[in-house]
A.B. asks: 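Submitted below is the structure of interest, expressed as structure tokens.
Excluded from the calculations below are hydrogen atoms, water molecules and symmetry mates; all remaining heavy atoms, backbone and side chain alike, are included.
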Amino acid sequence: LKLDHNDVGARGIAELSKGIAINPKLAILSLQYCQIPAEGARSIFHLLIFAQSELTTLNLQGNFLKNEGTLEILHALSIAPKLTEINLADNQFGEEADLLNTMGRVWAVNNKLKSWDLKYNGIYDFGGKKILELLKNTQVTELMLNEHIEKGILE
């Protein structure tokens, strides 16, 4: 289901989450640039933890989740039953310790979620170093970060 560039917002994602709970067969959901704020993250949380969900790919690029909403989604990702790919690019979150440590906990417990897109957020050299440290001994096979992180850090 591709709903990119629609003004879904917090109310819209709440209704969409209810609808997907009725039809758990959805495998791919793209909500790029849908004006979803941090308040909408709770609805995405419920969508992700739904036990019968067949969702394998979630694209949330270009929303306004910020740190608060991203943390909410990260908590859900630790138990998302079938998700293999998440795109959180361009959601205005940063490299705060709590957020990065939560991300590390997700990588440690969810061995199905192998592809992460974190580009265009406030992750710089410090966050890049921390992320590489947290990635050790995980099942993550693809990670996209900002291009302006010092090359020596990512090699």
A.B. asks: How is the hydrophobic cluster of Phe50 composed, in terms of its other members, when Ile, Leu, Val, Met, Phe, Trp and Tyr link through side-chain heavy atoms under 4.5 Å apart, directly or indirectly?
C.D. replies: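 Its cluster mates, by chain and number: none.
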A.B. asks: Do Asn59 side-chain atoms and Gln61 backbone N/O form a donor-acceptor pair below 3.5 Å?
C.D. replies: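 The answer is yes, because a donor-acceptor pair under 3.5 Å joins these two groups.
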A.B. asks: Examine distances only and state if a side-chain atom of Asp4 and a backbone atom of Lys2 form a donor-acceptor pair shorter than 3.5 Å.
C.D. replies: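 Checked: no pair found.
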A.B. asks: Could you check whether any side-chain N or O of Asp98 sits under 3.5 Å from a backbone N or O of Leu100, counting only pairs where one atom can act as donor and the other as acceptor?
C.D. replies: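 Checking the backbone N and O of Leu100 against the side chain of Asp98, no donor-acceptor pair under 3.5 Å is found.
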A.B. asks: Please examine the side chains of Leu1 and Leu31, heavy atoms only from C-beta on, and report whether any two atoms are closer than 4.5 Å.
C.D. replies: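 No; the side chains remain at least 4.5 Å from each other.
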A.B. asks: Connecting only ILVMFWY residues whose side-chain heavy atoms lie within less than 4.5 Å of each other, what is the rest of Phe45's hydrophobic cluster?
C.D. replies: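 Traced through the cluster, Phe45 reaches Ile49, Ile79.
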A.B. asks: Walk me through it: do Asp7 and Gln35 pass the test side-chain hydrogen bond (donor to acceptor under 3.5 Å, both in side chains)?
C.D. replies: CA-CA 6 Å; Asp7 190 2; Gln35 308 297 317; 5.5 Å; no
A.B. asks: Taking C-beta and beyond as the side chain, do Leu26 and Ile28 meet within less than 4.5 Å on heavy atoms?
C.D. replies: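 No, their side chains stay 4.5 Å or more apart.
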A.B. asks: Side-chain contact test, heavy atoms from C-beta onward, threshold under 4.5 Å: evaluate it for Leu83 versus Leu77 and give yes or no.
C.D. replies: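 SC-SC contact between Leu83 and Leu77 confirmed.
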A.B. asks: Using only atom types and a distance under 3.5 Å, with no angle test, would you say the side chain of Asn63 pairs donor to acceptor with the backbone of Cys34?
C.D. replies: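 The answer is yes, because a donor-acceptor pair under 3.5 Å joins these two groups.
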A.B. asks: For residues 46-56, pull every pair meeting side-chain hydrogen bond (donor to acceptor under 3.5 Å, both in side chains), keeping only residues two or more places apart or in separate chains.
C.D. replies: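 side-chain hydrogen bond (donor to acceptor under 3.5 Å, both in side chains) check on residues 46-56 returns Glu54-Lys82.
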A.B. asks: For Ile149, is there any backbone N or O sitting under 3.5 Å from a side-chain donor or acceptor partner on Asn146?
C.D. replies: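 Between the backbone of Ile149 and the side chain of Asn146 there is no qualifying donor-acceptor contact (under 3.5 Å).
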A.B. asks: Is it true that a side-chain atom of Asp117 and a backbone atom of Leu145 form a donor plus acceptor pair closer than 3.5 Å?
C.D. replies: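 Not confirmed, Asp117 side chain does not pair with Leu145 backbone.
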A.B. asks: Not counting sequence neighbours, which residues clear ring pair (Phe, Tyr, Trp, His ring centres under 6.0 Å) with Tyr124? List them please.
C.D. replies: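 Per chain and number, Tyr124 pairs via ring pair (Phe, Tyr, Trp, His ring centres under 6.0 Å) with His148.
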A.B. asks: Under the side-chain hydrogen bond (donor to acceptor under 3.5 Å, both in side chains) rule, what do Tyr33 and Asp90 come out as? Steps first, then yes or no, please.
C.D. replies: CA-CA 9 Å; Tyr33 300 95; Asp90 197 14; 3.2 Å; yes
A.B. asks: Test of understanding: with side chain to side chain donor-acceptor pair (under 3.5 Å), list the residues that count as partners of Arg105, not counting sequence neighbours.
C.D. replies: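 For Arg105, the residues satisfying side chain to side chain donor-acceptor pair (under 3.5 Å) (neighbours in sequence not counted) are Thr102.
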A.B. asks: Could you give the side-chain donor-acceptor pairs of residues 126-137 under 3.5 Å, partners two or more places apart or in another chain?
C.D. replies:
from: Lys130; atom 1: NZ; to: Asn101; atom 2: OD1; distance (Å): 3.4

A.B. asks: Under 3.5 Å, is there a donor-acceptor pair between the side chain of Asn121 and the main chain of Asn91?
C.D. replies: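 Yes: the side chain of Asn121 pairs with the backbone of Asn91.
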A.B. asks: How many angstroms lie between atom CD of Glu72 and atom CG of Leu48, to the nearest 0.5 angstrom?
C.D. replies: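 Here the rounded value is 10.5 Å.
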A.B. asks: Is there a donor-acceptor contact under 3.5 Å from the side chain of Ser17 to the main chain of Ile13?
C.D. replies: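 Not at all, since once roles are kept as given, no pair shorter than 3.5 Å links the two residues.
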A.B. asks: Do Phe93 and Leu99 have side chains that get closer than 4.5 Å, going by heavy atoms?
C.D. replies: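 Counting from C-beta outward, Phe93 and Leu99 do come under 4.5 Å.
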A.B. asks: Would you call Glu85 and Lys114 a salt bridge, using N to O less than 4.0 angstrom?
C.D. replies: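 Here Glu85 does not pair with Lys114 in a salt bridge, since their nearest N and O are not under 4.0 Å apart.
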